[in-house]
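Have a look at the structure below before the remarks.
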Protein chains: 2
Amino acid sequence: MPKQTFFNLHQDKRKKLIESAEIEFTRVPLFEASIANIIKMAGISRGSFYQYFEDKDDLYFYLLEAKLNKAKKTFIGFLEKHQGDLIEALVEMYFYFLTTLSDEEEKNFLRNALLYTSYKVESSFSSMFDTYLDNQEFIKITGLINRQCLNISGDKELLHIFKILSALAFNNLIEKTVKGLTDTEAMESFKLSVNLIKQGIYKIEIDRAEV
Amino acid sequence: MPKQTFFNLHQDKRKKLIESAEIEFTRVPLFEASIANIIKMAGISRGSFYQYFEDKDDLYFYLLEAKLNKAKKTFIGFLEKHQGDLIEALVEMYFYFLTTLSDEEEKNFLRNALLYTSYKVESSFSSMFDTYLDNQEFIKITGLINRQCLNISGDKELLHIFKILSALAFNNLIEKTVKGLTDTEAMESFKLSVNLIKQGIYKIEIDRAEV
DNA sequence: ATTGACATATGACACTGTGTCATATAGAAT
DNA sequence: ATTCTATATGACACAGTGTCATATGTCAAT
């Protein structure tokens, strides 16, 4: 978390610093990003940077967290829109990432985050549930979900389904990025996977009721 | 890929270098690893290092690739053992990672790889299929798989199922690592997810035959 | 308006690390 | 012995990080 000094900063200065950081982290992934570039762009001194942040990571994860929180809000919106259908919401979320976020800069920031800190990105997203076990946000989200269409017996299964689906979404995004698939190809691939998961991958002839 | 000079090296020297690199990459992830440490341990000069490898990444991914190839071979073994049951093979593979690989050093190397270059690790593993489309290895693997118990219509679906399952396995491994779960907890979590995928997550009352 | 106390700003610096290059050495082939 | 080629070396130029002594700004109290 940035230090208090950073939050005391005049809005303009803070904004310029954030923008400079975004440019740098869009250009290259975290480990290649240089503080020198950021402070040059923002027009502040090296010493000041360390008044505001612990180090490069501090700034980076602050930015990333903000973007992820925005994404989570968007997701909750989709959940409401689809009357709690988790899968429909996730499919639309995936689509949203592919298209609405198709602004090149934003995309490259995401790409750098996904490839080099995927575990942070994904665990932040998929832990939307289990980190907020006690607060309103958790209740809000789980309350939204329509459980009737899901083959689950309790909260534990619900959590797992959410994890499976977000794992799938993130892995598809990474695959798209690495292989340079088009949006359409990525979307189709994702839908195919989701359908397989919906139906179940094991062939069984008997009536599902016995499960 | 290391340069020819590296492969021309006397076996002892090469082995010592590899071991030194493993120690360093076990200590810290790629981006924090230092060539200085590796050459100090291996007792070679800085210049020599650059005779053998393009850079740090070159050495790292050479080691990683070797470990992944070993893992792939192990997986094929499990596939044979379980008469082509993809899921049983993967569950055992996951178990193998958790236990057989429980030697602390090896584990930390894996941890560093998973957290910071997960996309490389996973795409290397899950592309076991689609990168070898033409060669014997592909035929060997797909030939091994028992399709009768899978709810698929062709190779495309098979590929997706494999991707889904490996995404799940890797994400579970990462979750275990990040959250510090015990082997048992991780195994249970993985099995729960796998069962959900087997059965399908959508509740349907009708006979599956109509799908 | 001056003082003092505190917050903020600065860039030189010590340090660690990378990749290169001119030079040295070894080995094999003739 | 000589020449040719492969390999070895560490000093060096460069780039980056985090720190610190010092400077500057701010503002409340007198």
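Atom set for the values below is all heavy atoms of this structure, side chains included, hydrogens, waters and symmetry mates excluded. In what follows, chains are A, B, ... by sequence order, proteins preceding strands, each numbered from 1.
The shortest distance between the side-chain N/O atoms of Thr5(B) and the OP1/OP2 oxygens of dT7(D) is below 4.0 Å. Residue Asn8(A) places at least one side-chain N or O under 4.0 Å from the OP1 or OP2 atom of dT8(C). At dT18(C), one or more side-chain N or O atoms of Arg46(B) fall inside 4.0 Å of OP1 or OP2 (strictly under the cut-off).
Among the nucleotides dA8(D), dG18(D), dA9(C), the one closest to any side-chain atom of Ile35(A) is dG18(D). Considering only the side chain of Lys13(A), dA9(C) comes nearest among dT18(C), dT7(D), dA9(C). Comparing dG11(C), dT8(C), dT20(C) by their nearest atom to the side chain of Gln51(A) picks out dT8(C). With distances taken from any side-chain atom of Ile44(A) to the nucleotides dT20(C), dT10(C), dT17(D), the minimum falls on dT10(C). Checking dG10(D), dG18(D), dG16(D) against every side-chain atom of Ser34(A), the shortest atom distance belongs to dG16(D).
Between the CG atom of Asp57(A) and the P atom of dT17(D) there is a distance of 11 Å, rounded to whole Å. In this entry the distance linking CD1 of Ile38(A) with C1' of dG18(D) reads 15 Å, nearest Å. Rounded to whole Å, atom C1' of dT7(D) lies 16 Å from atom CZ of Phe7(B). If you measure from atom OH of Tyr50(B) to atom P of dA13(D), you get 17 Å, rounded to the nearest angstrom. For Phe31(B) and dA15(D), the CZ to C1' distance is 18 Å, given to the nearest whole Å. Computed from coordinates, the Glu32(A) CD to dA15(D) C1' distance equals 13 Å when rounded to whole Å. Going from atom CZ of Phe53(B) over to atom C1' of dT20(C) covers 18 Å, rounded to whole Å. The distance from atom CG of Asn37(B) to atom P of dT18(C) is 9 Å, rounded to the nearest whole Å.
Inspection of the Glu175(A) and Asn171(A) side chains reveals no N or O donor paired with an N or O acceptor under 3.5 Å.
Nearest-nucleotide assignment on DNA chain D puts the 5′-proximal partner with Phe49(B), out of Lys56(A) and Phe49(B).
Contact annotation for Tyr52(A): backbone-only contact, meaning every heavy-atom pair under 4.0 Å involves sugar-phosphate atoms and none involves a base. Residue contacts shown for Lys3(A) are absent, as no nucleic acid heavy atom lies under 4.0 Å away. Nucleic acid contact for Phe6(A): none, since no nucleic acid atom lies under 4.0 Å from a heavy atom of the residue. In this structure, Ser48(A) reaches the bases: a heavy-atom distance under 4.0 Å links it to at least one base atom across the strands shown.
Phe125(A) has its ring centre less than 6.0 Å from the ring centre of Phe75(A). For Phe53(B) and Tyr62(B), the ring centers are positioned 6.0 Å apart or more.
Ring geometry for Phe31(B) versus Phe31(A): interplanar angle of 30 to 60°, hence tilted.
Within the 3.5 Å criterion, the main-chain N or O of Ala89(B) finds no donor-acceptor partner in the side chain of Lys81(B).
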